[in-house]
S.K.: 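So that we are looking at the same thing, I have put the structure below in structure tokens.
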Amino acid sequence: MVRSNTRIFLLTCAAALILVLLSTGRHYPSTLGISYIREGYYIFDKVITSPFSFVAEIWDTYIGLVNTSRENKELKKQVETLRVRSMTLEELKSENRRYRAMLEFKNQRQDLSLIPANLLSHDITLIFKTAVIDKGFNSGFRMDMAILSPDGVVGKVVSVSPRTAQILLITDPNSAIPSVIESSRVKGVIKGRGGNLLSLEYVRSTEDVKVGDCVVTSGLLGFFPSGLKIGYVQEVKKDANKIFADIVVKPYVEMDKIEGIFGIAQNMEVSD
Amino acid sequence: MLKIWKFQISLFGILFAAILIEVGIIPLVWAPVRIDFLIGMIIGQIIFVPFSQGFPFIILSSIILQAFSGARIGLIPLIYIAVFVIIDVLKNVIYLENIFTQALLGIFFYSLITSVTATVAGSRFLEDAVVPMVAGMGLTALLTPVMVSIVGRLQAAYDVYGS
């Protein structure tokens with residue numbers, strides 16, 4: 001009995017020693033067939049789980065596509081919404097820029113009493129150059145009131161109703177504004193040519209007018225204070241047989257692109 | 001009688017929509033271009049509506065258009081009444097129901113109206129507005145048969161004037 005116990009004790013110690021040596025020494029590839037047990041487990045696992053994996057894959061790739069398609073539609077909608085929002089933000093940004101320019105102009109010209117307004121519509125014909133604004137009599141707009149934009153003179157009010165006003169743009173053939181060349185003080189009348197250009201009329205051929213000269217309002221009629229920028233001389237044609245020169249002026253304001261404008265209140269103070 | 005009123009009110013609704021497009025939407029896309037929607041409506045009136053009711057419609061329409069133009073008071077109604085009378089005379093000579101005829105009439109009257117107003121106003125718009133004018137002419141040619149068709153469809157829908 002004692003021998004048997006001693007044998008068991010010795011065997012246990014030997015087994016423990018072997019296990020200690022195996023666990024603390026270098027890691028050798030298993031040589032005791034353990035790897036084959038893993039291989040067997042792998043095959044067993046594949047056989048058991050493959051049908052489930054197959055079904056799961058079909059579910060994910062085919063039936064699940066129904067959800068993907070729905071998700072895709074949702075995402076597309078979201079993209080569209082974000083795109084529209086981005087466009088709106090761009091528009092707000094440009095509107096903000098415009099209002100900032102208008103505010104800066106208003107601050108610069110504190111000598112003038114300015115009433116802001118926005119453009120509502122353009123003229124229905126190709127020939128006449130008028131526009132309708134979103135402010136009228138109720139906001140202080142009156143007949144013959146001068147209309148400006150931060151870039152220069154736009155026109156004058158020709159018709160007014162409580163909430164809207166019609167303005168005659170300076171490019172309209174019926175528009176005429178007493179003006180002067182800023183540098184040489186040569187006087188003339190700026191008239192619309194019907195397109196996007198103006199004519200400086202009644203300027204003698206002998207006068208010194210150069211391309212690039214700035215044309216401003218002379219303040220003679222009273223509707224427009226003096227010194228407001230109208231445009232610059234684009235072309236000068238002088239004919240010895242003609243009394244007056246043919247002067248083409250390009251307006252500073254792009255009439256097709258105006259949005260925000262100002263009306264100068266009638267009780268304005270002339271700038272100089 | 002009620003049908004006639006409904007028909008005429010619908011026509012004015014279409015006219016206002018056309019004005020909104022003409023003065024508000026088109027200038028946003030390409031500012032100098034103008035399309036004439038009324039030429040098509042005039043042809044439609046002549047084809048589908050008796051003179052006694054078509055003529056007052058044209059007078060009222062052109063007065064409405066006058067409010068959106070800087071032209072001297074009376075010029076726009078005068079021009080469109082002249083166009084109405086000319087086409088009314090032409091209906092005995094040419095077949096107005098043909099869409100190509102309608103498109104050609106659109107081009108012809110668009111250029112005629114532009115030339116007359118330019119002459120009356122002393123405008124030199126051709127210096128820098130040839131392309132918008134040609135574009136406007138082309139678009140008017142396309143839209144004239146559409147406007148004629150709209151008038152015709154409305155007339156058929158309301159079943160007025162014993163169609």
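Here is how names work: the chains are called A, B, and so on, in the same order as the sequence lines, proteins then strands, and each is numbered from 1.
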S.K.: Which bit of Phe37(B) is near chain A, if near means a heavy-atom gap under 4.5 Å: side chain, backbone, both or neither?
M.R.: neither

S.K.: Compare all side-chain heavy atoms of Pro27(B) with those of Asp256(A) and state whether any distance is below 4.5 angstrom.
M.R.: no

S.K.: Identify the heavy atoms of Gly194(A) and Ser123(B) that sit nearest to each other, and give their distance.
M.R.: CA-OG, 3.3 Å

S.K.: Heavy-atom distance under 4.5 Å to chain B: side chain of Leu126(A), backbone, both or neither?
M.R.: both

S.K.: At a heavy-atom separation under 4.5 Å, does Ser199(A) approach chain B through its side chain, its backbone, both, or neither?
M.R.: side chain

S.K.: Can you say whether Ile113(B) sits under 4.5 Å from chain A via the side chain, the backbone, both, or neither, judging by heavy atoms?
M.R.: neither

S.K.: In terms of heavy-atom pairs under 4.5 Å, which option from Met133(B), Arg34(B), Arg72(B) contacts chain A the most?
M.R.: Arg34(B)

S.K.: Do other residues, nucleotides or ligands put more than 12 heavy atoms under 6.0 Å from Gln234(A) CD?
M.R.: yes

S.K.: What do you reckon, is NZ of Lys187(A) surrounded by more than 12 foreign heavy atoms closer than 6.0 Å?
M.R.: no

S.K.: Just wondering, more than 12 heavy atoms not from Trp30(B) lying within 6.0 Å of its CH2?
M.R.: yes

S.K.: Are side-chain heavy atoms of Phe128(A) and Leu75(B) found at a separation under 4.5 Å?
M.R.: yes

S.K.: Which value, rounded to the nearest 0.5 Å, describes the distance between Leu28(B) atom CG and His122(A) atom NE2?
M.R.: 7.0 Å

S.K.: Chain B heavy atoms under 4.5 Å from Asn174(A): which part of the residue, side chain, backbone, both or neither?
M.R.: side chain

S.K.: Going through the distances and angles, do Asp123(A) and Phe68(B) end up as a side chain to side chain contact (heavy atoms under 4.5 Å, CB included)?
M.R.: CA-CA 6 Å; Asp123(A) 197 289; Phe68(B) 295 90; over 6 Å; no

S.K.: Can you tell me if Phe244(A) has over 12 outside heavy atoms packed within less than 6.0 Å of its CZ?
M.R.: yes

S.K.: Answer yes or no: does atom OH of Tyr202(A) have more than 12 heavy-atom neighbours from other residues, nucleotides or ligands under 6.0 Å?
M.R.: no

S.K.: Where does Leu197(A) contact chain B at under 4.5 Å (heavy atoms): side chain, backbone, both or neither?
M.R.: both

S.K.: Side chain, backbone, both or neither: which part of Ser121(A) has an atom under 4.5 Å from a heavy atom of chain B?
M.R.: both

S.K.: Please classify the contact between Leu38(B) and chain A as side chain, backbone, both or neither, with a heavy-atom cut-off of under 4.5 Å.
M.R.: neither

S.K.: Tell me, yes or no, whether the heavy-atom count around Leu92(A) atom CG, taken from other residues, nucleotides or ligands under 6.0 Å, exceeds 12.
M.R.: yes

S.K.: Should the heavy atoms of other residues, nucleotides or ligands under 6.0 Å from CZ of Phe16(B) be counted, would the total exceed 12?
M.R.: no

S.K.: Looking at Thr125(A), Ile124(A), Thr130(A), which has the largest count of heavy-atom pairs under 4.5 Å with chain B?
M.R.: Ile124(A)

